[in-house]
Amino acid sequence: MKENFENSQEDILQNIADDLSTINGTCTEIKESQLNCATADDLTNMGITITSAVTEKVDDMQTSIETQTQTVSEIGSNLTSSVDDLKTEITNKIDNFTANPPVQKLEKTIRIAKESWQVYLAMFISVFTFIFFGAATIWQESRIEKSRISDIKYHYILMHG
């Protein structure tokens with residue numbers, strides 16, 4: 001602290017404030033250095049922990065990869081043998097199919113006796129039904145057309161009174 005007895009009360013307070021800010025800055029520097037020291041130790045410990053964890057995980061992954069590689073290799077060999085067996089079986093089946101075995105040809109003819117009265121009855125009913133539905137369609141169309149013409153006439157009369 002500066003010793004100056006000639007100064008006024010305001011100057012003394014100013015000096016005290018300056019000294020306090022200097023002390024505060026010094027305390028802050030001490031805290032930062034302590035914090036940095038603790039952080040460096042923590043970083044060292046964290047680095048060791050991370051390194052051991054990463055090494056452990058890499059070893060686990062390597063073991064897993066080796067196991068999976070062995071499994072895939074076994075599956076591949078099983079698949080190759082299965083495909084070879086299938087190829088052999090298909091080749092045998094095609095060879096057996098193309099060996100030109102004796103083929104017996106069947107011809108089947110269905111005939112209706114013209115002497116049967118059921119045939120003539122069925123044809124007569126079919127023709128009669130066709131003619132009936134054709135006539136009914138024409139008759140219905142003519143009724144619809146007459147209704148249209150009647151509607152037109154009715155509307156014409158309504159429009160002209």
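None of these values were measured; they are calculated from a predicted model. Hydrogens, waters and symmetry mates play no part in the numbers below; they use all other heavy atoms, side chains included.
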Could you tell me the separation between the [atom1] atom of [X] and the [atom2] atom of [Y], rounded to the nearest 0.5 Å?
| X | Y | atom1 | atom2 | value |
| --- | --- | --- | --- | --- |
| Q140 | S142 | CD | OG | 8.0 Å |
| S64 | K57 | OG | NZ | 11.5 Å |
| Q68 | M61 | CD | CE | 10.0 Å |
| W117 | F124 | CH2 | CZ | 14.0 Å |
| I23 | T28 | CD1 | OG1 | 11.5 Å |
| I90 | D85 | CD1 | CG | 11.0 Å |

Are any non-hydrogen side-chain atoms of R148 and I144 less than 4.5 angstrom apart?
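A side-chain contact under 4.5 Å exists here.
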
Looking at S73 and T69, would you say the former's side chain and the latter's main chain have a donor-acceptor pair under 3.5 Å?
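Side chain of S73 to backbone of T69: no pair is present.
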
Treating Ile, Leu, Val, Met, Phe, Trp and Tyr as nodes and any side-chain heavy-atom pair under 4.5 angstrom as an edge, say whether F130 and I138 lie in one connected cluster.
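No, F130 does not connect to I138 through the hydrophobic network.
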
